[in-house]
Amino acid sequence: MRSFLLQHLTSLHCPDGALDDILVCASELATNAVLHSHSGNPGEHFDVEIALRAGESIYVAVRDSGGPWARPRAAGTPDEDAECGRGLQVVAALSADTGITGDASGRTAWFLSQWKPV
């Protein structure tokens, strides 16, 4: 997924800073699908939807295979030394908009990133 995004966004002249943010956000959502749903189980999968508005924005959505979250989210902010628990905060900080829809039968996590043409 990262190489596909990199190839296509580079050809659309996406600025380097925006490109880096998009790759981080897309990787985070795909990783969450594998770690926190049935998508990480043998034989399961996740789907990625990408919608580009050339020279302006990208919408990326990752649909998981459902199931309970593999690790329940702790209340509040993650411990300063914790190795996980900040991914969706990073996506929110690096994107113009983000969200999650769905339930235990399958969730879609998405983000929208916008940039000015170079």
Side-chain angles (χ1 to χ4, degrees):
M1 177 185 62
R2 285 178 60 93
S3 62
F4 175 83
L5 282 171
L6 180 62
Q7 177 184 355
H8 289 283
L9 291 173
T10 300
S11 71
L12 294 172
H13 307 291
C14 180
D16 289 343
L19 180 59
D20 293 341
D21 292 350
I22 292 164
L23 294 175
V24 166
C25 291
S27 294
E28 180 59 38
L29 296 187
T31 299
N32 281 351
V34 172
L35 293 178
H36 300 296
S37 78
H38 290 311
S39 294
N41 294 340
E44 294 290 343
H45 68 281
F46 62 90
D47 297 311
V48 179
E49 175 187 352
I50 300 167
L52 290 168
R53 182 169 289 177
E56 187 179 328
S57 66
I58 185 170
Y59 167 85
V60 177
V62 177
R63 286 188 241 2
D64 68 34
S65 293
W69 289 103
R71 286 183 242 158
R73 184 179 302 184
T77 306
D79 180 352
E80 182 177 302
D81 296 326
E83 292 183 17
C84 60
R86 294 179 190 83
L88 295 177
Q89 293 172 350
V90 169
V91 173
L94 296 178
S95 63
D97 199 7
T98 187
I100 300 175
T101 59
D103 55 28
S105 64
R107 290 169 207 83
T108 299
W110 59 271
F111 72 91
L112 175 69
S113 182
Q114 298 174 314
W115 67 87
K116 301 218 184 290
V118 289

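Atoms considered below: every heavy atom in the structure, side chains included; atoms not considered: hydrogens, waters and symmetry mates. Remember, it's a predicted structure, so these values are computed and weren't measured experimentally.
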Nearest heavy atoms of Leu5 and Leu19, plus distance in Å: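 Distance-wise, the nearest heavy atoms are O-CD1, 4.5 Å.
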Smallest separation among heavy atoms of Ser37 and Arg107, with atom names: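 Scanning both residues, the minimum pair turns out to be CB-NH1, 4.4 Å.
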Path from [X] to [Y] over hydrophobic side-chain contacts below 4.5 Å:
{"X": "Leu35", "Y": "Val90", "result": "no"}
{"X": "Leu94", "Y": "Val48", "result": "no"}
{"X": "Val24", "Y": "Ile50", "result": "no"}
{"X": "Val91", "Y": "Leu6", "result": "yes"}
{"X": "Val34", "Y": "Ile100", "result": "yes"}

State, yes or no, whether a side-chain contact exists between [X] and [Y] at a heavy-atom distance under 4.5 Å.
{"X": "Asp47", "Y": "Thr108", "value": "no"}
{"X": "Trp115", "Y": "Cys14", "value": "yes"}
{"X": "Trp110", "Y": "Asp97", "value": "yes"}
{"X": "Leu29", "Y": "Phe111", "value": "yes"}

Looking at residues at least two apart in the chain, or sitting in another chain, which of them share a salt bridge (charged side-chain N to carboxylate O under 4.0 Å, His left out) with Glu49?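 For Glu49 the salt bridge (charged side-chain N to carboxylate O under 4.0 Å, His left out) partners, ignoring immediate neighbours, are Arg63.
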Side chains of Ser27 and Arg2, donor plus acceptor under 3.5 Å: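 Judged by distance alone, the side chains do pair up.
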Separation of [Y] [atom2] from [X] [atom1] (nearest 0.5 Å):
{"X": "Ser65", "Y": "Glu44", "atom1": "OG", "atom2": "CD", "value": "4.0 Å"}
{"X": "Asn32", "Y": "Asp64", "atom1": "CG", "atom2": "CG", "value": "9.5 Å"}
{"X": "Leu9", "Y": "Asp20", "atom1": "CG", "atom2": "CG", "value": "11.0 Å"}
{"X": "Ile22", "Y": "His8", "atom1": "CD1", "atom2": "NE2", "value": "13.5 Å"}
{"X": "Thr98", "Y": "Gln89", "atom1": "OG1", "atom2": "CD", "value": "12.0 Å"}
{"X": "His38", "Y": "Ser105", "atom1": "NE2", "atom2": "OG", "value": "10.0 Å"}

Closer than 3.5 angstrom, by distance alone: can the side chain of Ser39 be matched with the main-chain N or O of His45 as a donor-acceptor pair?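 Checked: pair present.
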Greater than 12 external heavy atoms within 6.0 Å of Asp103's CG: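 Yes - once you tally the heavy atoms of other residues, nucleotides and ligands closer than 6.0 Å, there are more than 12.
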Begin with the C-alpha distance, continue with both residues' side-chain angles, and end with the deciding distance and a verdict on side-chain hydrogen bond (donor to acceptor under 3.5 Å, both in side chains) for Ser57 and Gln114. CA-CA 4 Å; Ser57 66; Gln114 298 174 314; 5.3 Å; no
